[in-house]
Amino acid sequence: MSELRVRFAPSPTGYLHVGGARTALFNWLLARKQGGTFILRIEDTDVERSTRESVDAILQGMEWLGLDWDEGPFYQSDCFPLYKEYVQKLLDSGKAYKCYCSQEELEARRELAMKEGRKPKYDGTCRERADQPEGAPHVVRFRAPQSGSTSFDDLIKGTITFPNEELDDLIIQRSDGTPTYNFCVVIDDAIMKITTVIRGDDHVNNTPRQVQLYEALGFPVPRFAHVPMILGSDKTRLSKRHGATSVIAYRDMGFLPEALINYLVRLGWSHGDDEIFSREEMVAKFDIANVGRSASVFNPEKLLWLNAHYIKTGDALRLAKIVQPLLAERSVTVADTDPQLVSAVKTLQERARTMVEMADAALFYFKAPEAYDQSALAKFDNTHLQAVFQAVSVKLAASAAATAAEYDLLFKEICSENGWKMPQVGQPVRIALSGGTQAPGIGEIVMTLGKDETIRRIQRALVVVAGE
RNA sequence: GUCCCCUUCGUCUAGCCCGGCCCAGGACACCGCCCUUUCACGGCGGCGACACCGGUUCAAAUCCGGUAGGGGACGCCA
């Protein structure tokens, strides 16, 4: 039994998007589950469009998601001499030939074919050409079989068969001497001894040509698993106009990597009715056989729900480290291990769906309100407010309470001593402390703020109210 | 146009391979009720789907055929 070797092979022409991330995840999961090897390979044969920035962005995205690779990253651009060797081999054995048709000619023929309702494939003009004009610009084409059919067993979609007439002689080397994608993947996957190719389903049409190439080159054909696409809400291929598609953009919007991973793994794959998966559970339960055959729509609402779940159940110290820089952007300076910050995080874990929401909601803990929600304040008459603030100040100053529960008890006492109902006290105090009406429980706020700061804010509110 | 693939609630999906347990289960969203000092969390309930047509069968979401719809590919991009 041979050991599993899989790879993720993005082309560095943009950031890591959610579709690519899911493909990488499925590869990673299978490798981890079976104790195989996960390889990262950068497909940068298109020198024009490949950039260093994209490579960095992809690496950064993988790292953030915790998808670590065992070998690589390998760059196809480092292997050009190797590809050339194989092109020559094919040329020597007559399995490839030089084609002198110009791009303009090809373009024109393609358009004509389309217009006449024919398949716009290469017409084979140079296939049997005898003369080899010295120094004339040319590409190298693979001499593909023209009859019969080519098929492969897809681990997800089952057996797929293509009639060979549908496949034309694809270009394996450009006129500038660089190799093309379909040729390089085959060489690389063969040389890296990839046993299972897991990739997006937009590649199924390429697969029969690649199978022919493997055979022509004398390489064993790997197994294939084509995972369905991720679509936008209008059921077309997911793109920028559907909103964010970059993995890093989700990080910046305050999503936790485990939430995105959990969301992605459930998109197209399932394990009964399970929804929440830890990394370990995913690895243990993942099976390519349970990947669905149809495309799925990316649903940001569900991602948000998952994110809320992971914030709710996450470790407060770790979350504090994540909000801290967000707070800094909002000009709040606090150490990420500051007990007050950790306490603030704890009071917000059940209320924030993203870390950005948490940062915004935490602001009031570190900045006393500059203004109060007037319409909320207007629900109470001025003398009542003054009486409440007065009573709270006095009671607090004399109290030894320190926990949220003890503070809650203290507010209950204030209520019973003055014949007030809880909302009559809680709401004004909440406004005095946070400026608004939407905040954690009073006891939690007071505990997080500390007794002294609480009294200061109450006093200030008293002055403002009394001055009106 | 040609080829390839796909089709269960609005969305993600279970069930389909090995027909009956499915007048189809779970989750997100939505609606309602409860909990409650605000906002949330949570609990309970509701709404809501087998694309269509035909066949096989005592019985079909499940098997077979066709139709329609959707997606993808058709590049000296990957």
Side-chain angles (χ1 to χ4, degrees), chain A residues 9-13 43-46 48-50 76 99 101-103 106-107 110 113-121 137-141 154 157-158 160-163 165-168 170-176 178-182 184-185 199-208 226 228-229 231 233 235-237 263 266-276 289-290 292-306 308 312 348-353 361 376 408 411-412 415 421-431 434 436-443:
Chain A
S11 66
T13 53
E43 314 238 303
D44 57 350
T45 50
D46 185 352
E48 295 282 301
R49 302 198 305 163
S50 301
Q76 289 188 322
C99 168
C101 299
S102 73
Q103 289 191 53
L106 294 171
E107 194 101 8
R110 238 192 318 270
M114 282 277 220
K115 209 170 0 185
E116 291 177 355
R118 285 180 293 117
K119 176 112 182 156
K121 57 178 244 184
H138 64 273
V139 299
V140 177
R141 301 186 101 106
D154 193 276
K157 294 175 187 283
I160 299 177
T161 304
F162 285 79
E165 309 99 75
E166 291 300 323
L167 281 14
D168 60 359
L170 85 157
I171 292 171
I172 58 178
Q173 187 177 87
R174 302 184 183 94
S175 50
D176 66 359
T178 58
T180 59
Y181 164 76
N182 275 107
C184 301
V185 245
R199 60 182 13 165
D201 112 352
D202 46 339
H203 284 287
V204 307
N205 293 276
N206 290 327
T207 308
H226 287 100
M229 319 235 74
L231 312 176
S233 49
K235 305 238 181 191
T236 63
R237 194 193 189 116
Y263 178 71
R266 277 287 288 110
L267 203 56
W269 173 80
S270 61
H271 183 270
D273 287 337
D274 299 352
E275 294 289 349
I276 307 287
N290 291 328
R293 288 167 303 279
S294 54
S296 28
V297 174
F298 189 84
N299 180 359
E301 293 292 330
K302 189 157 185 180
L303 207 209
L304 212 43
W305 171 75
L306 245 4
K312 219 176 299 167
L348 295 167
Q349 280 182 267
E350 297 217 323
R351 288 164 231 271
R353 293 182 304 171
D408 276 331
F411 280 96
K412 285 205 176 88
C415 283
K421 294 261 182 265
M422 198 56 188
Q424 294 177 280
V425 177
Q427 204 65 329
V429 170
R430 195 187 322 278
I431 295 166
S434 75
T437 59
Q438 300 184 12
I442 293 295

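The structure displayed is predicted, hence computed values, not measured ones. So you know, we letter chains A, B, ... as the sequences are listed, proteins then strands, and number each from 1. Scope of the values below: all heavy atoms of this structure, side chains included, with no hydrogens, waters or symmetry mates.
- Closest to the side chain of A:D46, out of B:U38, B:A78, B:C74, is B:A78.
- Under 3.5 Å, the side chain of A:R351 and the base of B:C41 form no donor-acceptor pair of N or O atoms.
- Scanning both residues, A:P12 and A:E43, for their nearest heavy atoms gives CD-O, 3.3 Å.
- The closest donor-acceptor contact from the side chain of A:D408 to the backbone of A:G443 lies under 3.5 Å.
- Residue contacts for A:G441: at a heavy-atom cut-off of 4.0 Å it reaches a base atom on one of the strands shown.
- Counting only heavy atoms from C-beta on, A:S294 has its side chain closest to B:U7 among B:A78, B:U13, B:U7.
- In this structure, A:D274 does not pair ionically with A:R266, as no charged nitrogen and carboxylate oxygen lie closer than 4.0 Å.
- As the counterpart of B:C17, no nucleotide is assigned, since no Watson-Crick or G-U wobble pattern has both distances under 3.5 Å.
- For CZ of A:R141, the number of neighbouring non-hydrogen atoms (other residues, nucleotides, ligands) closer than 6.0 Å is greater than 12.
- Among the nucleotides B:C4, B:G1, B:A78, the one closest to any side-chain atom of A:T45 is B:A78.
- Looking at heavy-atom distances under 4.0 Å, A:D176 makes no contact with the nucleic acid at all.
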A:N182 vs A:T180, side-chain hydrogen bond (donor to acceptor under 3.5 Å, both in side chains): CA-CA, chis, key distance, verdict: CA-CA 6 Å; A:N182 275 107; A:T180 59; over 6 Å; no
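- The separation between A:H203 atom NE2 and B:C5 atom P is 17 Å, rounded to whole Å.
- The distance between atom CZ of A:F298 and atom P of B:A27, rounded to the nearest whole Å, is 21 Å.
- For A:R110 and B:U2, the CZ to C1' distance is 15 Å, given to the nearest whole Å.
- Formation of a donor-acceptor pair under 3.5 Å by the A:E166 side chain with backbone atoms of A:P163 is not found in this model.
- Remark: B:C22 base-pairs with no nucleotide; criterion is Watson-Crick or G-U wobble with both hydrogen-bond distances under 3.5 Å.
- Within the 4.0 angstrom heavy-atom criterion, base atoms lie near A:Q103.
- Residue-to-nucleotide proximity on RNA chain B shows that, of A:S296 and A:T161, the 5′-proximal contact is made by A:T161.
- Here the nucleotide nearest the side chain of A:I442, chosen from B:C12, B:C76, B:U37, is B:U37.
- Among the candidates A:K157, A:R199, A:H203, the single residue satisfying the side chain to side chain donor-acceptor pair (under 3.5 Å) test with A:H226 is A:R199.
- Across every strand in view, B:C44 sits in a pair with B:G32 that passes the Watson-Crick or G-U test at under 3.5 angstrom.
- Within 4.0 Å of A:P208, counting heavy atoms only, lies no atom of the nucleic acid at all.
- Straight-line distance from the CD atom of A:E48 to the P atom of B:A78: 11 Å, rounded to whole Å.
- The listed nucleotides are B:C76, B:G26, B:C5; the one nearest the side chain of A:D273 is B:G26.
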Produce the list of close N/O pairs, under 3.5 Å, pairing protein atoms with atoms of nucleotides 63-71 of chain B; give distances to one decimal.
none

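- Taking every side-chain heavy atom of A:K312 into account, B:G42 is the closest of B:C12, B:G42, B:C3.
- Taking CG from A:D202 and CE from A:M229, the interatomic distance works out to 4.0 Å, rounded to the nearest 0.5 Å.
- In this structure B:C52 sits in a base pair with B:G66, meeting the Watson-Crick or G-U test at under 3.5 Å.
- For B:A14, one of the phosphate oxygens OP1 or OP2 lies less than 4.0 angstrom from a side-chain nitrogen or oxygen of A:S270.
- Of the candidates B:C76, B:C39, B:U37, the closest approach to any side-chain atom of A:Q438 belongs to B:C39.
- The pairing partner recorded for B:G1 is B:C74, the criterion being a Watson-Crick or G-U wobble arrangement whose two distances lie under 3.5 angstrom.
- For A:F162 and B:C74, the CZ to C1' distance is 11 Å, given to the nearest whole Å.
- A:H226 comes within contact range of no nucleotide atom at all, as no heavy-atom separation falls under 4.0 Å.
- Going from atom CG of A:D168 over to atom P of B:U2 covers 18 Å, rounded to whole Å.
- Nucleic acid contact for A:R49: base, since at least one base atom lies under 4.0 Å from a heavy atom of the residue.
- At a cut-off of 3.5 angstrom, the base of B:C76 holds at least one donor-acceptor pair with the side chain of A:S175.
- OP1 or OP2 of B:G75 has not a single side-chain nitrogen or oxygen of A:K121 nearer than 4.0 Å.
- Contacts of A:E275 with the nucleic acid, taken as non-hydrogen atoms under 4.0 Å apart, include base atoms.
- Of the candidates B:U37, B:A78, B:C4, B:A78 carries the atom nearest the A:N182 side chain, counting heavy atoms from C-beta on.
- Within the nucleic acid shown, A:V297 comes within 4.0 Å of sugar-phosphate atoms alone, with no base atom in reach, counting heavy atoms only.
- Heavy atoms of A:T178 sit nowhere under 4.0 angstrom from any nucleic acid atom.
- Atom-to-atom, CG of A:L304 to C1' of B:C41 comes out at 15 Å; the value is rounded to the nearest Å.
- Taking the six-membered ring where tryptophan is involved, the planes of A:F298 and A:Y263 are perpendicular, since the angle between them exceeds 60° and thus also 30°.
- Applying the 3.5 Å distance criterion, the base of B:G72 shares a donor-acceptor pair with the side chain of A:N205.
- Considering only side-chain atoms of A:R430, the nucleotide from B:A78, B:U38, B:C76 that sits closest is B:U38.
- From A:S102, atom OG reaches atom NE2 of A:H138 across 14.5 Å, with rounding to the nearest 0.5 Å.
- In this structure, A:P423 reaches the sugar-phosphate backbone alone: every heavy-atom distance under 4.0 Å involves primed, P, OP1 or OP2 atoms, never a base.
- Here A:D44 lies out of heavy-atom contact (under 4.0 Å) with every strand.
- For the pair A:R430 (side chain) and A:P440 (backbone), a donor-acceptor distance under 3.5 Å is present.
- Counting to the nearest Å, the P atom of B:U36 and the NZ atom of A:K421 are 14 Å from each other.
- Taking a pair to require two hydrogen-bonding distances under 3.5 Å in either a Watson-Crick or a G-U wobble arrangement, B:U37 remains unpaired.
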Quick one: which protein N/O atoms are closer than 3.5 Å to N/O atoms of nucleotides 29-31 of chain B? Pair and distance per line, please.
none

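- Across A:S175 and A:V139, no two heavy atoms sit closer than the pair N-CG1, 3.6 Å.
- The two residues A:S233 and A:V297 have their closest heavy-atom pair at CA-CG1, 3.8 Å.
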